[in-house]
Amino acid sequence: MSRPYVLLKVATSIDGYIDDTSPNRLYLSNAADFDRVDQVRAECDAILIGAGTLRADNPRLLIKSEARRAARAARGETEHLLKVTITGSGKLDPDLRFWHTGDKKLVYTTDAGAARLRQQLGGLADIVTLGSSIDFGALLDDLGEHGVRKLLVEGGTVIHTAFLSAGLADEIQMAITPLVIGDAAAPRFLNPASYPGAPHRRMRLVGTEQLGDTVLLRYAPKEESDEPPGHAWRP
């Protein structure tokens, strides 16, 4: 069984910051982009979020459109996606909305985390241990065994960094909204890491779309652009 196609989804400000999870949370996407994301979810088999974002944001990760859910059911698919999370420690609250909405749930963890999760979650999710540490390649292999052909990764920063630095992302969908955050403590899409070919390898741009005042950029991280690099600006 082949690994799933991996799509990283993110919304950023002009100065490169992503949605935060504070009480006064600033949502960067607009209504048109939220609807686009709902359509993207409906076209995938599974949706993945890291444990840190799961704890902070407490999302449901559902397909909101009744028509899209009905279309999935008509194709013989589950109305909602397989929901996936990753945790090394296994410290996840069983009261999170993630466990109590939608369809099946799957948790990837370590040997140590698995013992804790079995006690905490009971039958709320299937638990898969990846050994002493999280191996993202092994995770994708197992998702392929579960029949997942297309995986939507919605964050957070640690998870996006892990997939991209390991060369496991097939597509990035980045929605840029016309806001400047200006807060050095605000989270970013990626952490510093050793990325394949960086900083000279240019990703291939495969599409752009205007969504109201937001622009969507789609990149293929595994495919290098034929466009020659421009001259570096020097102050």
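- The pair R202-E224 does not meet the salt-bridge criterion, since no charged nitrogen lies less than 4.0 angstrom from a carboxylate oxygen.
- Judged by distance alone, with hydrogens and angles left aside, the side-chain atoms of D135 form a donor-acceptor pair with the main-chain N or O of G137 at under 3.5 Å.
- The number of heavy-atom neighbours closer than 6.0 Å to CZ of R60, taken from other residues, nucleotides and ligands shown, is 12 or below.
- Atom NZ of K222 is surrounded by more than 12 heavy atoms from other residues, nucleotides or ligands within 6.0 Å.
- In this structure, K105 forms no cation-pi arrangement with F98, as its terminal cationic atom is not both closer than 6.0 Å to the ring centre and no more than 45° off the ring axis.
- Counting only heavy atoms from C-beta outward, the side chains of L7 and L151 never approach each other to under 4.5 Å.
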- Where do T214 and N30 land on the side-chain hydrogen bond (donor to acceptor under 3.5 Å, both in side chains) test, with the steps shown first? CA-CA 7 Å; T214 295; N30 59 21; 3.2 Å; yes
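- With hydrogens and angles ignored, the 3.5 Å screen pairs no side-chain donor or acceptor of H80 with any backbone N or O of L61.
- Annotation: the span from I86 atom CD1 to T110 atom OG1 amounts to 12.0 Å, rounded to 0.5 Å.
- Residues R188 and I18 are not in side-chain contact: their nearest non-hydrogen atoms beyond the backbone lie 4.5 Å or more apart.
- Shown here for W99 and A125, the closest heavy-atom pair between the two residues is CZ3-CB, 3.7 Å.
- Put simply, L164 and I134 are part of the same group of oily side chains (I, L, V, M, F, W, Y) that touch within less than 4.5 Å, one to the next.
- Using a 4.5 Å cut-off on side-chain heavy atoms (C-beta onward), T109 and L130 make no contact.
- Hydrophobic clustering of Ile, Leu, Val, Met, Phe, Trp and Tyr side chains at less than 4.5 Å, counting indirect connections, unites L82 with L168.
- A donor-acceptor pair shorter than 3.5 Å cannot be found between the side chains of Y219 and E171.
- Considering all non-hydrogen atoms of both residues, I49 and T85 come closest at O-OG1, 2.8 Å.
- Within the 3.5 Å criterion, the main-chain N or O of E79 finds no donor-acceptor partner in the side chain of R69.
- Salt bridge absent: R3 and D170 never bring a charged side-chain N and a carboxylate O closer than 4.0 Å.
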- Task: Decide side chain to side chain contact (heavy atoms under 4.5 Å, CB included) for E154 and V37; before the verdict, give the C-alpha distance in whole Å, the side-chain angles of both, and the deciding distance to 0.1 Å.
- Result: CA-CA 10 Å; E154 292 207 3; V37 170; 3.8 Å; yes
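- Transitive grouping of hydrophobic side chains (ILVMFWY, heavy atoms separated by less than 4.5 Å) brings F136 and V128 into a common cluster.
- Under the 4.0 Å criterion applied to side-chain N and carboxylate O atoms, R149 and D45 are assigned as salt-bridge partners.
- A heavy-atom distance below 4.5 Å is found between the side chains of L139 and L48.
- Judged purely by atom type and a 3.5 angstrom limit, K83 uses its side chain to pair as donor or acceptor with the backbone of T101.
- A salt bridge does not link D38 with R41: every distance from a Lys NZ or Arg NE/NH1/NH2 to an Asp or Glu carboxylate oxygen is 4.0 Å or more.
- A single hydrophobic cluster is seen to contain both F163 and M203, as judged by linkage of ILVMFWY side chains at heavy-atom distances under 4.5 Å, directly or through other members.
- Taking every heavy atom of both residues into account, H100 and P94 meet most closely at NE2-O, 2.7 Å.
- With hydrogens and angles ignored, the 3.5 Å screen pairs a side-chain donor or acceptor of D15 with a backbone N or O of G182.
- Between Y108 and D142, the shortest heavy-atom contact is OH-OD2, 2.7 Å.
- Distance alone, capped at 3.5 Å, places no donor-acceptor pair between the R55 side chain and the L92 backbone.
- A single hydrophobic cluster is not seen to contain both I47 and L143; linkage of ILVMFWY side chains at heavy-atom distances under 4.5 Å, directly or through other members, places them apart.
- With rounding to the nearest 0.5 angstrom, the SG atom of C44 is 6.5 Å from the CG atom of L81.
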- For the pair T157 and N191, evaluate side-chain hydrogen bond (donor to acceptor under 3.5 Å, both in side chains) and give the outcome as yes or no after the intermediate values. CA-CA 7 Å; T157 299; N191 285 328; 5.3 Å; no
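- Judged by distance alone, the side chain of R68 and the main-chain N or O of I63 form no donor-acceptor pair under 3.5 Å.
- Considering every non-hydrogen atom in both P178 and I14, the closest pair reads CA-CD1, 3.7 Å.
- Separating the CG atom in L96 from the CG atom in D57 is a distance of 10.5 Å, to the nearest 0.5 Å.
- Counting non-hydrogen atoms of other residues, nucleotides and ligands closer than 6.0 Å to CG of D111 gives a total above 12.
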- Query: Run the side chain to side chain contact (heavy atoms under 4.5 Å, CB included) check on M174 and L216 step by step: do they pass?
  - Reply: CA-CA 6 Å; M174 176 178 288; L216 173 68; 5.8 Å; no
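- In this structure, L121 CG and Q119 CD are separated by 10.5 Å, a value rounded to the nearest 0.5 Å.
- For the atom pair L28 CG and Y17 OH, the distance stands at 12.5 Å (nearest 0.5 Å).
- Between L8 and Q173 there is no side-chain heavy-atom pair separated by less than 4.5 Å.
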- Message: I'd like to know whether K104 forms a side-chain hydrogen bond (donor to acceptor under 3.5 Å, both in side chains) with T78, so could you lay out the CA-CA distance, the side-chain angles of the two residues, the decisive distance to 0.1 Å, and finally the verdict.
- Response: CA-CA 9 Å; K104 294 182 179 180; T78 58; over 6 Å; no
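- Counting all heavy atoms, side chain and backbone alike, T87 lies closest to A51 at CB-CB, 3.7 Å.
- Using a 4.5 Å heavy-atom threshold, the side chains of L205 and S225 count as separate.
- Here the straight-line distance linking atom CZ of R201 with atom OH of Y195 works out to 14.0 Å at 0.5 Å rounding.
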